[in-house]
Colleague: 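Take this structure, written in C-alpha cells, and hold onto it; I'll ask about it next.
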Amino acid sequence: MPSLLDRFRSTGADLPFGDPLPAHGVASEGYFWRFSQPGTGRSLTVFVGVNRGADGPWSTVSFAAHPNGFVRTAAVPEGVADPHRLGAEAGKVLRADVDGVQVDLGPDAQLDVRITDRIEWPRRAFGGASFFQSIPGVAHRWHPWLFGGKVEGTAVVGGETWDLTGAEVYAEKRWGSGAFPEKWWCGQAQGFDDGTCVSFAGGAFTSGRMRIETTLVVIRLPNGAVLRFGGPRTSHVRAHVDEEKFSLHGRSPMSGIEIEGSSPLDAAFVLPAPSLDDEKNAPAAIVHLGARMHVTLRRRAEISWSGESTIAALEYGGFERAREEHERRASTDPAAAPPVA
C-alpha cells in the first residue's frame, strides 16, 4: 500500500527539503540534457518524456543538434521512470541516469556520454520551482538540477561524429499532469567565459476567468552561488517573449537580473511533446539551439556580473503555434519539417 509520502508525491509535489529527481508517478516525467561546446559552436540536446497511457507507459524522445540542423524524434511504446532516483528508459532507444546518457535512434543519431564531478543543485528547502514544489496539483513543474560536470563521450549527428569530451553540460527535470499551459517559454545558456550557467522557465496558465503568467530564473555564478528569481509575491520576473526574441527582467530585494535572447525563426527546430489524450507526439515547441543571450546581474543598482553566450537555447512552446509553424514549413519545404514521431 502506498505510503503517505508516496501519495503526496503522486500529486507532483515534494515536501520541503525533498528530492524532486525521482519519478513522482504523474502523467508525464520529463528529463532534459544539453551539451555545449563554445569552442566549436556545437550544441546538442536530448529530451525524454515517460508518459502514462491507457495501455501502459510510452515515451517521447527528441535529439537535436546545432549548427548542422540535425533532428530526430520518436514515440517509443515503452518507458520507465525510476521512482527511487533520477533515471529513465525508453525501450532500447534511451537509457539515462545521473551518471550519463545513451541514445540510439538509428546509425545517424547516437549518443554515449558519461558525466562525473557533477555540479548539482545545492541542498535547499525548495528546488528551482520555489515553494510551488510543495503545492499539490500544480500542472507543470521544473527543476534545473545539473549546472556542469566532467563530460566524456561521443555523439553521431547525421553524417558527423562529435567528440563531446570536455563539453559543458546542463540538465533539468520537468513533470506534471500533462495539461500543458497555453504557451510556455524556457531558456538555458552556458558558453560564458567563466563557467556561469543560466536557465529559466515560464508559462501562461488560464483557470476560469483568471490568467496567470509566471517565470522562474536560476543562475549559478563562478563562485558557486546559485540565485533564483521569480514566483508570485516573491521576486517577480516580467517576460516578453515570442518565437525570435526573449526579454526577461526580474528583481529580488537585493538583486536584479536582465536577460535578452534572440535567434531567427528559420534557424529553429519544431520539436514534439506528448499529446496524452491521443497518446502520440505532436508539434509543441519552437526551439533554438544557437541563440545569442546576454545576461546582466545587478546588486542593487550596480552591475555585479554580465556575460554573453552565442550558443544559448531558447524554447517558445504552444501546441497551436508549433503546429502552424510545422505546417508552414511542410508546405514550402518538406525537408524543413521532419516528422515529430
Side-chain angles (χ1 to χ4, degrees), residues 14 17-23 29-48 63 65-66 81-82 84-89 94-104 110-129 142-157 161-174 186-201 217-228 289 293 295 297 305 307-313:
D14 289 283
F17 294 102
D19 185 359
L21 298 185
E29 306 270 357
Y31 308 81
F32 171 94
W33 290 263
R34 184 160 186 259
F35 302 91
S36 304
Q37 287 185 314
T40 64
R42 290 172 172 171
S43 169
L44 185 149
T45 181
V46 172
F47 170 80
V48 57
F63 176 103
H66 170 87
D82 195 322
H84 305 294
R85 59 190 64 83
L86 185 132
E89 295 182 23
L94 180 143
R95 180 187 298 267
D97 56 25
V98 295
D99 297 317
V101 188
Q102 293 81 44
V103 177
D104 183 356
Q110 303 209 359
L111 175 69
D112 186 0
V113 296
R114 295 158 300 286
I115 306 168
T116 58
D117 300 338
R118 295 182 299 275
I119 302 171
E120 299 187 15
W121 179 268
R123 180 170 175 77
R124 291 180 173 177
F126 300 112
W142 168 79
H143 179 59
W145 69 270
L146 183 66
F147 302 116
K150 182 179 179 181
V151 174
E152 296 181 71
T154 60
V156 178
V157 184
T161 298
W162 293 2
D163 181 0
L164 294 177
T165 299
E168 295 184 292
V169 60
Y170 165 83
E172 66 186 40
K173 187 167 182 274
R174 308 176 186 178
C186 307
Q188 189 273 328
Q190 289 169 298
F192 300 102
D193 294 336
D194 53 12
T196 294
C197 181
V198 178
S199 60
F200 63 84
V217 179
V218 170
I219 178 169
R220 186 189 186 276
L221 295 167
N223 64 4
V226 176
L227 305 180
R228 179 176 54 203
L289 295 183
M293 183 188 292
V295 183
L297 184 67
W305 181 89
E308 184 172 84
S309 171
T310 57
I311 52 170

Colleague: One pair to check against side chain to side chain contact (heavy atoms under 4.5 Å, CB included): F147 and V218. What are the steps and the verdict?
Modeller: CA-CA 10 Å; F147 302 116; V218 170; 3.8 Å; yes
Colleague: Give the minimum heavy-atom separation between A23 and Y31, together with the two atoms involved.
Modeller: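 The pair with the smallest heavy-atom distance is CB-OH, 4.1 Å.
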Colleague: Would you say the side-chain atoms of E168 and Y170 include a donor-acceptor pair closer than 3.5 Å?
Modeller: no
Colleague: Kindly write out the residues that satisfy side-chain contact (heavy atoms from CB on, under 4.5 Å) with V169, not counting sequence neighbours, or none if the list is empty.
Modeller: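 Result, side-chain contact (heavy atoms from CB on, under 4.5 Å) vs V169: F35, I115, L146, V151.
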Colleague: Let me confirm one number: the CD-CZ distance from E120 to R220, rounded to the nearest 0.5 Å.
Modeller: 11.0 Å
Colleague: Mind checking what makes salt bridge (Lys or Arg N to Asp or Glu O under 4.0 Å) contact with D163, not counting sequence neighbours?
Modeller: none
Colleague: Can you tell me how far apart OG (S36) and CD1 (I311) are? Round to the nearest 0.5 Å.
Modeller: 4.5 Å
Colleague: Can you name the residues that form a side-chain hydrogen bond (donor to acceptor under 3.5 Å, both in side chains) with T40, not counting sequence neighbours?
Modeller: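 Expected list: Q37.
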Colleague: E152: what forms a salt bridge (Lys or Arg N to Asp or Glu O under 4.0 Å) with it, not counting sequence neighbours?
Modeller: none
Colleague: Judged by atom type as modelled, is there a donor-acceptor pair below 3.5 Å linking the side chain of R34 to the main-chain atoms of L289?
Modeller: yes
Colleague: Ring pair (Phe, Tyr, Trp, His ring centres under 6.0 Å) with F192: which residues, sequence neighbours excluded?
Modeller: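 For F192, the residues satisfying ring pair (Phe, Tyr, Trp, His ring centres under 6.0 Å) (neighbours in sequence not counted) are W305.
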Colleague: Applying salt bridge (Lys or Arg N to Asp or Glu O under 4.0 Å), name anything that partners D112, two or more places apart in sequence or on another chain.
Modeller: R114
Colleague: About how many Å separate CZ of F17 and CZ of R124, when rounded to the nearest 0.5 Å?
Modeller: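 Separation between the atoms: 10.5 Å.
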Colleague: Restricting to non-hydrogen atoms, name the atom on G191 and the atom on P38 that form the minimum distance, rounded to 0.1 Å.
Modeller: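 Closest approach of G191 to P38, heavy atoms only: CA-CG, 3.5 Å.
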Colleague: Can you tell me how far the CG atom of L164 sits from the CZ atom of R42, to the nearest 0.5 Å?
Modeller: 8.0 Å
Colleague: Who passes ring pair (Phe, Tyr, Trp, His ring centres under 6.0 Å) against W121, sequence neighbours left out?
Modeller: H143
Colleague: Under the side chain to side chain contact (heavy atoms under 4.5 Å, CB included) criterion, do F63 and L44 qualify, and how do the steps go?
Modeller: CA-CA 7 Å; F63 176 103; L44 185 149; 3.9 Å; yes
Colleague: Would you compute the distance between atom CZ of F200 and atom CH2 of W142 and round it to the nearest 0.5 angstrom?
Modeller: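 Between F200 CZ and W142 CH2, I get 9.0 Å after rounding to 0.5 Å.
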Colleague: Please report the shortest heavy-atom distance between W33 and A171, naming the atom on each side.
Modeller: CD1-CB, 3.6 Å
Colleague: Should we say atom CG of D193 is surrounded by more than 12 heavy atoms from elsewhere, each under 6.0 Å from it?
Modeller: no
Colleague: Counting C-beta onward and ignoring hydrogens, is there a side-chain heavy-atom pair between Q190 and C197 closer than 4.5 Å?
Modeller: yes
Colleague: What do the steps show when you test T45 against Q188 for side chain to side chain contact (heavy atoms under 4.5 Å, CB included), and what is the final call?
Modeller: CA-CA 11 Å; T45 181; Q188 189 273 328; over 6 Å; no
Colleague: Distance check, rounded to the nearest 0.5 Å: L21 atom CG versus D14 atom CG?
Modeller: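 Separation between the atoms: 9.0 Å.
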Colleague: For D82, what residues pass the side-chain hydrogen bond (donor to acceptor under 3.5 Å, both in side chains) criterion, not counting sequence neighbours?
Modeller: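 By the side-chain hydrogen bond (donor to acceptor under 3.5 Å, both in side chains) rule, D82 matches R85.
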Colleague: Any idea which heavy atoms bring W162 and S43 closest together, and the distance?
Modeller: CZ3-O, 4.0 Å
Colleague: List for me each residue that meets side-chain hydrogen bond (donor to acceptor under 3.5 Å, both in side chains) alongside R95, sequence neighbours excluded, and say none if there are none.
Modeller: E89
Colleague: Looking at every non-hydrogen atom in both residues, tell me the closest pair between R174 and C186 and how far apart they are.
Modeller: NH2-SG, 3.8 Å
Colleague: Looking at every heavy atom in both V48 and A88, which two are closest together, and how far apart are they?
Modeller: CG1-CB, 4.2 Å
Colleague: Could you tell me which residues satisfy side-chain hydrogen bond (donor to acceptor under 3.5 Å, both in side chains) with E29, sequence neighbours excluded, listed by chain and number?
Modeller: K173
Colleague: Among V101, V157, T154, which residue meets the side-chain contact (heavy atoms from CB on, under 4.5 Å) test with L111?
Modeller: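 That would be V101.
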Colleague: List in chain and number order the residues that pass salt bridge (Lys or Arg N to Asp or Glu O under 4.0 Å) with D104, two or more places apart in sequence or in another chain; answer none if no residue qualifies.
Modeller: none
